[in-house]
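The structure under discussion appears below in the form of structure tokens.
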Amino acid sequence: MTLLNNLLSALPFLDQQQASMLIDAFLPMLRGAIFNTVPLTLLSFLFGMLIAVFIALIRVIPRTNPFYALGYYLARVYVSAIRGTPLLVQLFIIFYGLPNLGVKLDPFPSAVIAFSLNIGAYASETLRAAILSIPKGQWEASYSIGMSYAQTFRRTIMPQAMRVSVPPLSNSFISLVKDTSLASTVLVTELFREAQNIAATTYEFLWIYSEAALIYWVICFSLSLLQGRLEKHFSRYG
């Protein structure tokens with residue numbers, strides 16, 4: 001710690017007190033990232049993808065009866081509403097608005113619900129576009145060997161669509177990591193909330209927020225490297 005302190009304080013824009021403050025602030029922010037930012041991201045993306053698959057399916061299956069047609073239009077309204085309103089507003093409606101209806105949620109579940117609904121709408125459009133990008137010849141080839149619509153979709157279309165959607169969905173996941181900082185507005189003690197608490201006591205807003213930004217960058221850079229490997233892996237089957 002002393003060596004690190006000396007290295008930081010050797011920088012022309014930091015004194016020894018500021019260097020010590022940055023070192024002390026690192027662990028609380030790291031804990032916030034590990035115990036709240038990462039779980040919040042993973043849970044929200046998981047539930048969001050479940051929503052996305054469901055919505056995408058509703059929007060691409062043939063509307064052969066009024067029930068399917070109703071589901072299609074409800075799905076369109078959901079996607080339009082989520083994409084047409086700010087994520088912060090959606091978060092506030094769930095955490096601060098729902099109690100007016102007698103529904104009180106803790107900060108973390110509120111954030112998971114808001115982020116899941118948001119990512120579900122955007123990811124559903126990604127999946128829908130990926131499904132529609134598969135050539136019609138794939139459908140016809142599957143029908144020609146006796147597959148039903150459901151079998152064709154599950155065995156032929158969906159695997160190809162998932163491969164096509166890996167890059168944009170990976171980008172959505174990385175963006176979600178950064179978006180979780182909005183959870184600080186509803187009292188979730190994630191990385192940025194910890195940074196806010198530390199900055200409020202030290203008044204070193206520039207350095208504390210810069211340190212938080214650096215942690216976010218390291219996380220996102222690591223994820224982008226993983227994304228590159230995933231894309232390279234799936235490109236073998238392209």
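All heavy atoms count here, side chains included; hydrogens, waters and symmetry mates do not.
The side chain to side chain contact (heavy atoms under 4.5 Å, CB included) test applied to Ala212 returns Met29, Leu191, Ala195, not counting sequence neighbours. Residues satisfying the ring pair (Phe, Tyr, Trp, His ring centres under 6.0 Å) criterion with Phe173, sequence neighbours excluded, are Phe45. For Phe95, the ring pair (Phe, Tyr, Trp, His ring centres under 6.0 Å) criterion is met by no residue, not counting sequence neighbours. Scored by the salt bridge (charged side-chain N to carboxylate O under 4.0 Å, His left out) test, Arg63 finds no partners at all (sequence neighbours excluded). Every residue meeting the side chain to side chain contact (heavy atoms under 4.5 Å, CB included) condition with Thr85, not counting sequence neighbours, appears here in chain and number order: Gln90. With sequence neighbours left out, Ala111 forms a side chain to side chain contact (heavy atoms under 4.5 Å, CB included) with Leu40, Leu91, Phe115, Ala183, Val188. Residues forming a side chain to side chain contact (heavy atoms under 4.5 Å, CB included) with Met147 (at least two apart in sequence, or on another chain): Ser142, Ile145, Gln151, Thr152, Arg155, Thr156. Applying the ring pair (Phe, Tyr, Trp, His ring centres under 6.0 Å) test to Tyr96 and every residue at least two apart in sequence or in another chain returns Phe92.
Each of Ile174 and Leu225 belongs to its own hydrophobic cluster when Ile, Leu, Val, Met, Phe, Trp and Tyr are linked at side-chain heavy-atom distances under 4.5 angstrom. The hydrophobic cluster containing Leu42 also contains Leu50, counting ILVMFWY residues as joined when their side-chain heavy atoms lie under 4.5 angstrom apart, directly or transitively. Cluster membership check: Met162 shares its hydrophobic cluster with Leu132, using side-chain heavy-atom separations under 4.5 Å among Ile, Leu, Val, Met, Phe, Trp and Tyr. In the hydrophobic clustering of ILVMFWY residues, with side-chain heavy atoms under 4.5 Å counting as a link, Ile113 and Leu187 come out apart. Connection of Ile61 to Phe67 is established within a shared hydrophobic cluster, with ILVMFWY side chains joined at heavy-atom distances below 4.5 Å, either directly or through further cluster members.
Distance check, rounded to the nearest 0.5 Å: CZ of Arg76 to CD1 of Ile55 gives 13.0 Å. Taking CG of Leu176 as the reference point, atom NZ of Lys178 lies at 10.5 Å (rounded to 0.5 Å). Note: Thr202 OG1 to Asn197 CG = 10.5 Å, rounded to the nearest 0.5 Å. Atoms CG and CG, from Leu182 and Asn118 in turn, are 9.5 Å apart once rounded to the nearest 0.5 Å. For the atom pair CD1 (Ile119) and OG (Ser124), the distance works out to 10.0 Å, reported to the nearest 0.5 Å. Distance check, rounded to the nearest 0.5 Å: CD1 of Ile219 to CG of Leu214 gives 10.0 Å.
Within the structure, salt bridge (charged side-chain N to carboxylate O under 4.0 Å, His left out) contacts touching residues 112-141 (residues at least two apart or in different chains) are Arg59-Glu125, Arg83-Glu125, Glu125-Arg128. Pairs passing the salt bridge (charged side-chain N to carboxylate O under 4.0 Å, His left out) check and including a residue from residues 179-198, sequence neighbours excluded, do not occur. Residue pairs that meet the side-chain hydrogen bond (donor to acceptor under 3.5 Å, both in side chains) test with at least one member in residues 107-116, sequence neighbours left out, do not exist here. Among residues at least two apart or in separate chains, there is no salt bridge (charged side-chain N to carboxylate O under 4.0 Å, His left out) pair with a member in residues 201-222.
When all heavy atoms of Ile58 and Ala75 are compared, the closest pair comes out as CG2-CB, 4.0 Å. Residues Ser181 and Ser184 approach most closely at O-OG, 2.7 Å, considering heavy atoms. When all heavy atoms of Phe47 and Val112 are compared, the closest pair comes out as CD1-CG1, 3.8 Å. When all heavy atoms of Ala114 and Leu87 are compared, the closest pair comes out as O-CD1, 4.2 Å. Considering every non-hydrogen atom in both Ile34 and Pro39, the closest pair reads O-CD, 3.1 Å.
In Phe205, the CZ atom is crowded: over 12 heavy atoms of neighbouring residues, nucleotides or ligands sit closer than 6.0 Å. Under a cut-off of 6.0 angstrom, the local environment of CZ in Phe108 is crowded, with over 12 non-hydrogen atoms contributed by other residues, nucleotides or ligands.
Side-chain contact between Tyr78 and Leu117: present, with at least one pair of heavy atoms (C-beta onward) separated by less than 4.5 Å. Residues Leu57 and Leu127 fail the side-chain proximity criterion, which asks for heavy atoms closer than 4.5 Å. Side-chain contact between Phe35 and Thr189: absent, with no pair of heavy atoms (C-beta onward) separated by less than 4.5 Å. Taking the side chain as every heavy atom from C-beta outward, Val60 and Phe153 approach each other to under 4.5 Å. Proximity of Leu98 to Ile94: side-chain heavy atoms (C-beta onward) are separated by under 4.5 Å at one or more points.
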Under the criterion side-chain contact (heavy atoms from CB on, under 4.5 Å), I'd like the reasoning laid out for Asn65 against Tyr68: C-alpha separation, chi angles, the key distance, then a yes or no. CA-CA 6 Å; Asn65 61 54; Tyr68 286 161; 3.7 Å; yes
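Aromatic ring orientation, Trp217 versus Phe221: parallel (interplanar angle below 30°, classes split at 30° and 60°).
Panel note: side chain Ser80, backbone Val77; no donor-acceptor pair is recorded below 3.5 Å.
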